[in-house]
Amino acid sequence: MIFGKHINHYYIKYAGWLLAGLAALVAVDYFQLVIPNLYQMVINGMNQGYVMVDGVRTPFNMDFLLDNICMPMVWVILAIVLGRFLWRICIFGAAIKVETDLRNAMFDHAKDLSVQYYQVNKVGNLMSLFTNDLETVQDCYGSGLLMLFDALVLFILSIGKMWRMDPLLTFLCLIPMGLLLAASTVVGNYLTKKWDIRQAAFSKLSDFSQESFSGIAVIKAFVKEAKELMAFRKLNQENEEANVDFTRSSVLLRILVTLFVESVICVILGYGGYLVHEGRFNAGQLVEFIGYFNAIVWPIMAISELIDMTSRGKASLKRISELLDAKQDVVDKPGVEDLKNIRGDIAFRELTFRYPGGEYDVLQDVSFTIHAGENVGVVGKTGSGKTTLVDLILRTYNVPDGSIFIDGHDVNQISIRSLRDGCAYVPQDNFLFSDTIARNIAFSADAVDERQVEEAARLADVDGNIREFAKGYETILGERGVTVSGGQKQRISIARALMKNAPILILDDSVSAVDTKTERTILENLRRTRAGKTTILIAHRISTIEQMDKILFIDDGKLAAVGKHQELYAQNAAYRKMVDLQRLEEEGGRHNA
Ligand code: ADP
């Protein structure tokens, strides 16, 4: 059984199932304890020729055997089979429902966590929460609950029956059991720590594997397979050691249980044999007493198993709770309203921004205005803050009040959903889903409208490429879109953004992998179809943004200059230097070609 803030309410939600399961369980336990009494009657009947039933001496003959032993046995077995079937369905059924609910809750929470969270917490670790840890918690909820109740009920019923037969013998049996419980508790705490270490080792291994598979192309290109293999082996070794360490402690617990159980059998045989010798017990009663004790061996085993399982469950629930308790830090402020019919005016006012946990201001005192319908280019050296600037328009991170405005509204005063609804974004990492090209392009829409999808693809100049695939728009892309080239990937991502037809379009270095002719076609299409809508384009090549209405030149986190290309070239020395350098490089490239 497992408790915690994130699981307690499921006991109430599935109380009906659990109670039905527990009732079946109690019935099974009750019927199980009828059997030792039947044994006693058979042995005593065969020995003595008669049986004592409720203090009445009854002859032991065929009729008695059939009516009082065989028939009841058949009913008892039927009741036990039915009961076991019922409790399994009810209790394990509830546990599976809890697992599903918890997984939904985890995904629901995880989807609203900030980008920052995913930069700190690796995918492999998150995946192990959704698989390994969740399974452990499910096991603990279902089997744990079952074991706890079964152990308690069977233990109480058996001890009651044993006590009625001989209190002293029962007391002698309980002493080693008490010692066992104390020892199990100590080992159990130790096990929780070991499970924690084991899960951490597993997470590390799964992180590493996930990253290696994602970066397999880089590993191969740099011929670093051997290095990766060595690193993997080391982590695998650590994982094995953590596993062995846990298993060792777990086995120790089982050995302890066996030791104590065997010592109790010695006590029963010793003192019980003495009672038979003294004439206070007969052979049938000794077998009956051992039958009751045998019935509590499983609860005792179950208690140790339970301690072991609960230790694992607690450690896993703690890890899951860390995810569920992770603060959703980029959220709407209370009372914000949707911004409807966004025009596309954007204003930054003295914005200074530092990443959460960062050591310096990535953007400093940035102020500019973009009017609805403008085509704006953003240029600057790598690492100067261009991506950060556009990310902030989408409120990927929190910004100070009064620093960014959309259509004159502070972004902190409008709902994040409506703000992002008004923007289409082509990020640098052109992530494509393992789905058809059509559905990737129509990602923003509820349904795939073939005509619109094709139109968007034409504007992104990728329609021709898509038609070359045997299945055209129905081609399924591999994980992260590996079956298409970098340039095609970029253009499919552009088509996806264009399909949204949002008032603000942001392209982050989105034409870097396409040739200049294709780039020109795409830019021309953008200019034509996005007239009256705001388009922001981060670019490396000056030629990409030369014709834009406005250029933001970012230098080392500051907005060094704003204006048209000719103005910036004439007025800003750093911009001029960058442009001249690029021209020289291009000319050098042409000469070499
Ligand atoms: P650009 O797009 O101009 O290449 P970025 O906006 O990506 O530049 O990065 C600007 C600076 O912010 C860089 O120094 C980068 O290391 C840092 N940076 C980017 N993302 C993060 C982050 N999530 N946390 C901390 N620092 C970051």
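FYI, side chains are in, hydrogens and waters are out, and symmetry mates aren't considered; it's all heavy atoms of this structure. Every number for a ligand or one of its atoms is a count from 1 in the order of the listing.
Of the protein's heavy atoms, Gln119 OE1, 2.7 Å lies nearest to atom 23 (N) of ligand 1. Scanning all protein heavy atoms for the shortest distance to atom 7 (O) of ligand 1 gives Thr387 CB, 3.6 Å. Among all protein heavy atoms, the one lying closest to atom 11 (C) of ligand 1 is Val362 CG1, 3.5 Å. Nearest to atom 5 (P) of ligand 1 among the protein's heavy atoms is Thr388 OG1, 3.6 Å. Closest to atom 16 (O) of ligand 1 among all protein heavy atoms lies Tyr360 OH, 4.2 Å.
A heavy-atom distance below 4.5 Å is found between the side chains of Val511 and Ile494.
Residue Glu238 is tested with Arg198, Lys204, Arg233 for a salt bridge (Lys or Arg N to Asp or Glu O under 4.0 Å); the sole match is Lys204. Applying the side chain to side chain contact (heavy atoms under 4.5 Å, CB included) test between Ile346 and each of Ile406, Val376, Thr369 identifies Ile406 as the sole match.
Between Phe232 and Phe208, the angle of the ring planes lies from 30° to 60°, which puts this pair in the tilted group. Below 30°, between 30° and 60°, or above 60°: for Tyr355 and Tyr397 the angle between ring planes is above 60°, a perpendicular geometry.
For atom 21 (C) of ligand 1, the choice among Phe353, Tyr355, Tyr397 with the nearest heavy atom turns out to be Tyr355.
Not one N or O on the side chain of Ser493 forms a donor-acceptor pair closer than 3.5 Å with the backbone of Val426.
Here's the thing with Gly383: one of its N/O atoms is less than 3.5 angstrom from an N/O atom of ligand 1. Note: no N/O pair closer than 3.5 Å links Thr382 and ligand 1 by distance alone.
A donor atom on one side chain and an acceptor atom on the other are not found under 3.5 Å apart for Asp325 and His109.
Contact annotation: Lys381 has at least one heavy atom less than 4.0 Å from an atom of ligand 1. Within the structure, ligand 1 lacks Gly380 among the residues with a heavy atom less than 4.0 angstrom away.
Checked against a 6.0 Å centroid threshold, the rings of Phe443 and Phe433 count as neighbours.
Atoms of ligand 1 found under 4.0 Å from any heavy atom of Gln116 (numbered from 1 in listed order, with element): 23 (N). Here is the list of ligand 1 atoms found below 4.0 Å of a heavy atom in Lys386: 1 (P), 2 (O), 3 (O), 4 (O), 6 (O), 8 (O).
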